[in-house]
Every structure is written in C-alpha cells, then in structure tokens.
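Worksheet: one structure, shown below.
Just follow the structure's listing: the first ligand is 1, and inside any ligand the first atom is 1.
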Amino acid sequence: MANFSNQMRLSSTLLRRLHQRVAAAANSSSSRNFTTTEGHRPTIVHKRSLDILHDPWFNKGTAFSFTERDRLHIRGLLPPNVMSFEQQIARFMADLKRLEVQARDGPSDPYVLAKWRILNRLHDRNETLYYKVLMENIEEYAPIVYTPTVGLVCQKYSGLFRRPRGMYFSAEDRGEMMSMVYNWPADQVDMIVVTDGSRILGLGDLGVQGIGIAIGKLDLYVAAAGINPQRVLPVMIDVGTDNENLLKDPLYLGLQDHRLDGEEYIEVIDEFMEAVFTRWPHVIVQFEDFQSKWAFKLLQRYRNNYRMFNDDVQGTAGVAIAGLLGAVRAQGRPMIDFPKMKIVVAGAGSAGIGVLNAARKTMARMLGNTEIAFESARSQFWVVDAKGLITEARENVDPDARPFARKIKEIERQGLSEGATLAEVVREVKPDVLLGLSACGGLFSKEVLEALKHSTSTRPAIFPMSNPTRNAECTPEEAFSILGENIIFASGSPFKDVDLGNGHVGHCNQANNMFLFPGLDSKCPKFKIASLCSFILSLLLTFFPPNNIFRTCFRIGLGTLLSGSRIVSDGMLQAAAECLAAYITEEEVLKGIIYPSISRIRDITKEVAAAVVKEAIEEDLAEGYREMDSRELRKLDEAQISEFVENNMWNPDYPTLVYKKD
Ligand SMILES: NC(=O)c1ccc[n+]([C@@H]2O[C@H](COP(=O)([O-])OP(=O)(O)OC[C@H]3O[C@@H](n4cnc5c(N)ncnc54)[C@H](O)[C@@H]3O)[C@@H](O)[C@H]2O)c1
Ligand SMILES: O=C(O)C[C@H](O)C(=O)O
Ligand SMILES: [Mg+2]
C-alpha cells in the first residue's frame, strides 16, 4: 500500500515535470530559428559540484535538470523542484516587486529584509568577513540572521533564494541519500542542523523554505561557540508540505506534494541519518522545528544511537528553567522555593511539554527526588492549549500532555473546569509565572494580564516565549503598563527595554534556546541531552545561583568537542559551573535581569571550555581533538589548555593562501 501510494505520488510529480518540459519545449520551438544548432551542442565544463553553482557563466540555479544534477554532482545542493527559465524569471520578478510593495507598506519589514540581503550577499562572497561583521555586532545582527527576521526570510525564501547553501534531501531522493551525501564538498562536518520545515518558529509549515532556520542557527554556532564554518551543514529534508498556499504556488522551490506520513516519513529520516553518520561518524545532529507530532517520536527513536538532540524540546527546556530559577531569585526568595511556584503554561506542543517535563523534574529533585516529590510537583502546573485548560476529563488528550492534565476534583475546588480559558485559569490560580509557548500572538490579552495582577507573587514572571515577534503572547509595553514595574519579563524574540517614565527601565530578557543549543553538542553517542539538562540544574542548584546554570549549559559544548571526551561527566559540568560562578550579579538580578546579554559570548565560552577540557583530562576521558591526541593533551598545563582552546575556536581571520597543484 505504501509502495502504491508512493508510486502514485512519484508519478504525479513526474507528470508535472513532463508538463513543464512540454511547456518549455513549446516555448523554445517559437525561437527555433535562432537556437536550433547551438541549443543541442553541449558546452564542455571542467568543474563540478559547488564550483559550477558558484560560476556565473555556467550556473543555471534551480533550472538544472535531474540528470544534469547527477552528472555534475550537485544533486542535493539545490531545492528539489526543477524550475523552467520562465519560472526563474517570474520568481525573480515577483521578489523584486514584493520589495517595492513592502517599501510602501512601512519602514520596518523592508529594512530588516534589506539588511538580511546585504549580510547574505556578504556570506556568499566572503565568509570570513561575514562572521567578523556578525561577531563584532552580534547584538545588532543576531536578530537579522536569526529570530525574528529569519522567520520572515523563511516565509519569503522562494523569492530570496539566490546561491544555494546547505543540502536538500527530498522524498524523491529515497535510495540515493547514501551517495548524495558525498556531494557535499567538506570531508569534515562537526555540526548539522536539520529541519523538515513543518513548524518553523510559530509560522507553521513552510516546507522547503524552512532551510533558512537551519542556516540561521548555524550562524550562531559559528559566531557564539567558535565552530568552524567550513564544518557546519544546514539541511532541509523535503517530504512535501501541507501548506496549501505553497502547494498552489507555481514558483515554490520544494516538492509540491502533501507531506509523507507514518512509516514512509520515518524511512526518509532514517535514510538521512544513516547517510550523514556514515560519511561523518562524529557529527552532531540538531533537530530543529519539526512539528510536535514527530519531534518527540524522532527524539526517542534516535537519541540512544546517534549523537543528536532536539533543540525545541531540550534546548528550550533548559533555557526556560534557567529563567524560572532566575525569577525566583529576583523575587527575593530562596531557590528552594522553586517547587512552590505556581506555573501556568499556555501551549502544550514540543516546546511547552519540554519545559513542563524539565520543570517538574527540577522541582522533584529539589524536593528529594522521590516518587512522591515527582507526583507532588505535578500539581504546580496548569496547562492551557488551544482547547483551554487540560484536565483528565479531556477526551483524546495528547499522551505527552497527559501527565499534566489536572484532576477534576482539584480544579473543581479551584472553581475551574475542563477547557477553562486562560484568563479564567490565571484569575483563579493567581500564578507566580505565566509562560507562553503557544505561537499565538497577543494571547496574554489585557484581560489575562489584568487577571495576573492578583498573582500571589510579589513579582510575577511573564514569559511570552513564542517566536517570531508577532507571535509573542504579549509585548513588554503591554506587560509593564498593565502590571507595573514589579514584574520579570522574558520573551523568545528580542524586544527593547521599556522606559517606564519614572526614571526606571523595564528590563526585557530574551528567553531563547539560542543561549543553550550551541552548548549542547557532545561527542558521546549515548549521551542524553534531557538528562544533561536536569543534571546540570540539580547539580548547580546546590552550589550556584541560577544565572550561572544558564551560562554553564551554554558553554559546555566547545570544551566537550575539543577534549574529544566520549562522555560529558559530572565533573566536567561542575568545572564549567565553577568557572561561571562569578557571572550575573545580585544587583542585576534584582533589576530583573535574568538572562545575560549575548555581547560577551565568546570570551565566556573560552574560559569555560578550558575548564571543561582540563576536567576531562583529569578524569581520563579526553581522547583528543585533531592533532592533539590524549597523550599530548595530558601534558598541557592550565595556561596551555587555555591556549589550546583559544587556538581551536575558529576566528574570522584571513589565512595566507598559497597555490599547490593537485
Ligand atoms: N523561545 C524559545 O526558545 C522557543 C523555543 C522553541 C519554541 N518556541 C516557540 O514556541 C511556539 C510553540 O512551539 P511548539 O513547537 O510547541 O509548537 P506546537 O504547534 O507544537 O504547539 C503549540 C501549542 O500551543 C497551543 N495553542 C494554540 N493556540 C492556543 C491558544 N489560543 N491558547 C493556548 N494554547 C494555544 C496548541 O494547542 C499547542 O499545544 C512557537 O512560536 C515557537 O517559535 C520558542
Ligand atoms: O528559533 C528560535 O528563535 C527559537 C526556537 O528554536 C523556535 O523554534 O522558536
Ligand atoms: Mg526552533
């Protein structure tokens, strides 16, 4: 049955292609007088792969046919939909016109997109200069190459696409991936960010256009964690799209079929994983923006066999917990009060459930890590999704959300019922924290924020974590104006601090997994990220304030990579924590600053990575990295380790080039 539907799907694609070819042939016949002989004579080229795509004389971009793609070793280096010349021109013109239209619509959109285009052109021309610019202006340009602008870029990617970046594996490449993966020109890849485009930020299914998010995340790996840009690979797995607009758009660059599902879908992802780990056995694969339905399943499927993690489930959880602990501290309460926090979460998708699970575990550990503690921690959460408050009375409750469904008796006592609205829940529960991962812009309405005024907390925390900006559950202006200055505010996308008009400033923290994911890469095949997160938290809670936990998570990856440690040991984590213990001051926390600024990212990374390498050597875990084998590593003193780390963090400097014949 699967094969049959597969054949049907393939044949519909083939038919479409055939139509395109017939149309193209018809077009060319009108100009036959000019092209007959020239059109059939092949042009001999002496290059293949990216060289051909980067050569303006020979490049045809998305118009390379499949046979040519195979012949020239560029299969997988372009989006899968073969475009005709006419379609290419139409796509280019539509993009040009769209820019003009936007310029009339208002100043903000064309401004950020224009900045993105300029940066992107630099990225294509000169990577060294690009990363130098990005790193030196990280606060200004992270919001352009990453959230929120990257969302807009993904939405408009078919128009913005110029020079290909990364690899595309499509449903039509089944059976070919193992060989296609060798079309990538780099022999070494340390980090892959892969998406299937099914839930890009809060923007839904953007199909093949989701490649933009993988590119943006890897830009941060390079800029923040010093990963070599020649060793990163953004990947898009195109299994179709369920976005009706894209399915109808003649200029869409991806497969115009509905998404594969079930076994067929898993087979494609399995084949991809096998292919990349065969070519690059030490690579780390970050899953990004997969719809919740698959995010959890794939995580379970691969986490014990491959070096992989899911950023939206695991990275987000770590970042949120760090922020929540910061909020406890900012309320002037002892850390041990965290398990007493009443937390309302709006959104029960991959991100919301990831946060809930991690927060519950953290509370349980603080309460003694017993089953009773785990059970009692459950009652600190109220989860509201698109259908309202989730209770045990709900039919077909999502299995991942089930542990957080409120017991009917409990909620009746609280004057609530199944499906109660967010405003009702906030009004009755009077939570300490209101956290949004709903992708529903404006969800924290005036009514909801008014209800939060009755919070039993002296300083309620509001975390509208959905991205991009327009999906934020509320703006800082709305929160500070309704609730006053005595709140903690942390959003997923960046907002400017708010002038409160009384000489005070309402601080806007950015609670985004960008602070965590570069640190989660590890060289250990059996390494489990979720347990790492909970472990870090439980370990550090005992010794250090929450902001240091947050910083620790962020910087462990580079040290792990450079030590070549097969595991991330407790000692390595503790070493990182000790190194970080001196950051964010009490004074800052009391001002409502619970996440650090990203401007000093690289300096902090250097120090912590050195501490992690040192600990790995002491524990005899370090197997070395590149030419520095374990024996050599062991000979290094502290200063030499710091130097080793510094020397191995990629820096945007021009090397001297010399020519040598092959
Ligand atoms: N800040 C970060 O670091 C970070 C990390 C990951 C995800 N996110 C953001 O979180 C959002 C959700 O991501 P996801 O993967 O969980 O998405 P998802 O689509 O899997 O889940 C969305 C959830 O929100 C619920 N929802 C929808 N409308 C609602 C409403 N009106 N009231 C209450 N709940 C509602 C849905 O029922 C669902 O449970 C996205 O905007 C994403 O960008 C942010
Ligand atoms: O990409 C981001 O900005 C954070 C997160 O991964 C998301 O999906 O929203
Ligand atoms: Mg994401």
Side-chain angles (χ1 to χ4, degrees), residues 142-143 145-151 153-154 193-206 210 212-220 286-296 309-323 344-356 382-390 394 397-398 400-401 404 419-426 434-445 448 463-473 490-495 509-518 520 550 595:
V145 302
Y146 183 64
T147 305
T149 309
V150 73
V153 169
C154 289
V193 175
V194 61
T195 183
D196 70 352
S198 55
R199 190 288 275 149
I200 297 298
L201 304 173
L203 303 170
D205 183 348
L206 296 183
I213 194 78
I215 295 171
K217 293 267 174 187
L218 283 167
D219 272 351
L220 289 198
Q286 170 173 324
F287 277 58
E288 190 65 47
D289 289 6
F290 282 68
Q291 57 183 319
S292 299
K293 173 180 158 185
W294 287 114
F296 292 109
F309 67 96
N310 183 299
D311 183 34
D312 299 289
V313 177
Q314 297 160 300
T316 313
V319 159
I321 301 291
V344 171
V345 175
S350 63
I353 295 295
V355 170
L356 284 158
W382 287 259
V383 186
V384 178
D385 73 356
K387 295 181 188 152
L389 179 65
I390 302 180
R394 170 102 46 115
V397 58
D398 190 331
D400 297 308
F404 298 96
T421 65
L422 183 62
E424 287 165 352
V425 173
V426 172
L434 175 58
L435 190 147
L437 283 161
S438 66
C440 188
L443 181 66
F444 298 170
S445 60
V448 171
F463 283 37
M465 286 181 72
S466 290
N467 297 316
T469 314
R470 73 173 161 81
N471 288 60
E473 283 79 1
S491 53
S493 296
F495 281 98
N509 297 277
Q510 192 179 359
N512 188 297
N513 54 19
M514 72 175 173
F515 290 112
L516 205 90
F517 63 78
L520 285 177
F550 161 80
Y595 290 106

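With ligand atoms numbered from 1 in the order given, ligand 2 contributes 1 (O), 2 (C), 4 (C), 5 (C), 6 (O) to contacts under 4.0 Å with heavy atoms of K217. Residue E288 approaches ligand 2 through these ligand atoms, each under 4.0 Å from one of its heavy atoms: 6 (O). Heavy-atom proximity to G202, at under 4.0 Å, picks out these atoms of ligand 1: 40 (C), 41 (O), 43 (O). Of all atoms in ligand 2, numbered sequentially from 1 with element shown, those under 4.0 Å from a heavy atom of D311 are 6 (O). Of all atoms in ligand 1, listed by their number and element, those nearer than 4.0 Å to a heavy atom of G492 are 1 (N). Close approach of ligand 1 to V384 is summarised as follows: ligand atoms under 4.0 Å from at least one heavy atom of the residue are 33 (C), 34 (N). Interface atoms of ligand 2 facing L201, defined by a heavy-atom separation under 4.0 Å, are 1 (O), 2 (C), 3 (O), 7 (C), 8 (O), 9 (O).
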Using the side chain to side chain contact (heavy atoms under 4.5 Å, CB included) rule, take N471 and L203 through it: C-alpha gap first, then chi angles, then the decisive distance, then the call.
CA-CA 8 Å; N471 288 60; L203 303 170; 4.2 Å; yes
Side chain to side chain donor-acceptor pair (under 3.5 Å) for T147 and N467? Distances and angles first, verdict last.
CA-CA 7 Å; T147 305; N467 297 316; 4.8 Å; no
Test side chain to side chain contact (heavy atoms under 4.5 Å, CB included) applied to T316 and M465, step by step:
CA-CA 9 Å; T316 313; M465 286 181 72; 3.9 Å; yes
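Annotation: atom 17 (O) of ligand 1 to nearest protein heavy atom, R199 NE, 3.7 Å. Scanning the protein heavy atoms around atom 44 (C) of ligand 1, the nearest turns out to be M465 O, 3.2 Å. Of all protein heavy atoms, the one closest to atom 9 (O) of ligand 2 is N467 ND2, 2.7 Å. Among all non-hydrogen protein atoms, the one lying nearest atom 38 (C) of ligand 1 is A348 N, 3.8 Å. Looking from atom 11 (C) of ligand 1 to the surrounding protein, the closest heavy atom is S466 OG, 3.6 Å. Of the protein's non-hydrogen atoms, the one nearest atom 3 (O) of ligand 1 is N513 N, 2.8 Å. Here the protein heavy atom with the shortest distance to atom 5 (C) of ligand 2 is N513 ND2, 3.4 Å. The nearest protein atom to atom 21 (O) of ligand 1, hydrogens excluded, is given as G349 CA, 3.3 Å; this is a heavy-atom distance. Of all protein heavy atoms, the one closest to atom 27 (C) of ligand 1 is S438 O, 3.6 Å. Atom 3 (O) of ligand 2 has T147 OG1, 2.3 Å as its closest protein atom, hydrogens excluded (heavy atom only). In this structure, atom 12 (C) of ligand 1 lies nearest to the protein heavy atom L437 O, 3.4 Å.
Looking at L435 and V355, their side chains come closer than 4.5 Å, going by heavy atoms from C-beta outward. No side-chain heavy atom of C440 sits under 4.5 Å from any side-chain heavy atom of S466. A heavy-atom distance below 4.5 Å is not found between the side chains of V448 and T421. Here the side chains of L206 and L201 are not in contact, with every heavy-atom distance at 4.5 Å or above. Side-chain contact check for D289 versus S198: every heavy-atom pair is 4.5 Å or farther apart. Residues V194 and F287 form a side-chain contact, since some pair of their non-hydrogen atoms from C-beta on lies under 4.5 Å apart. The shortest distance between side-chain heavy atoms of F444 and L434 falls below 4.5 Å. Within the 4.5 Å cutoff, side-chain heavy atoms of L356 are placed close to those of V383.
Between T195 and F290, the shortest heavy-atom distance links the atoms CA-CE1, 3.6 Å.
The nearest non-hydrogen atom to atom 36 (C) of ligand 1, considering only A386, G442, C440, comes from A386. When N471, D311, D289, T316 are ranked by how near their heavy atoms come to atom 5 (C) of ligand 1, first place goes to T316.
Ionic pairing of D311 and K217 is present here: one or more N-O contacts between side-chain nitrogen and carboxylate oxygen are shorter than 4.0 angstrom. Ion pairing between a basic and an acidic side chain is recognised when a charged N comes within 4.0 Å of a carboxylate O; K293 and D398 show no such pairing.
In this model, a donor atom of one side chain and an acceptor atom of the other lie less than 3.5 Å apart for N512 and Y146. No hydrogens or angles considered: nothing links the side chains of Q510 and S491 as a donor-acceptor pair under 3.5 Å. Under 3.5 Å, the side chains of D312 and S350 contain no donor-acceptor pair of N or O atoms.
Where the criterion is an N or O separation shorter than 3.5 Å, residue side chain and backbone included, L443 fails it with respect to ligand 1. Considering both main-chain and side-chain atoms, A346 never comes within under 3.5 Å of ligand 1 through any nitrogen or oxygen pair. Considering backbone and side-chain atoms together, S292 places an N or O closer than 3.5 Å to an N or O of ligand 1.
The Mg ion (ligand 3) has no N, O or S atom of D311 closer than 2.8 Å.
By the criterion of a heavy-atom distance under 4.0 Å, neither the backbone nor the side chain of M465 is placed next to ligand 2. Neither the backbone nor the side chain of P468 comes within contact range of ligand 1; no heavy atom lies under 4.0 Å. If you look at D312 next to ligand 2, the close heavy atoms, those under 4.0 Å, all belong to the side chain. Contact annotation for N512 and ligand 2: only side-chain heavy atoms (C-beta onward) come within less than 4.0 Å of the ligand. At a 4.0 Å heavy-atom cut-off, ligand 2 does not touch T316 at all.
Closest N/O/S atom of D312 to the Mg ion (ligand 3): OD1.
At the Mg ion (ligand 3), the angle from OE2 in E288 to OD1 in D289 is 100° when rounded to 10°.
Note: E424 CD to L389 CG = 9.5 Å, rounded to the nearest 0.5 Å.
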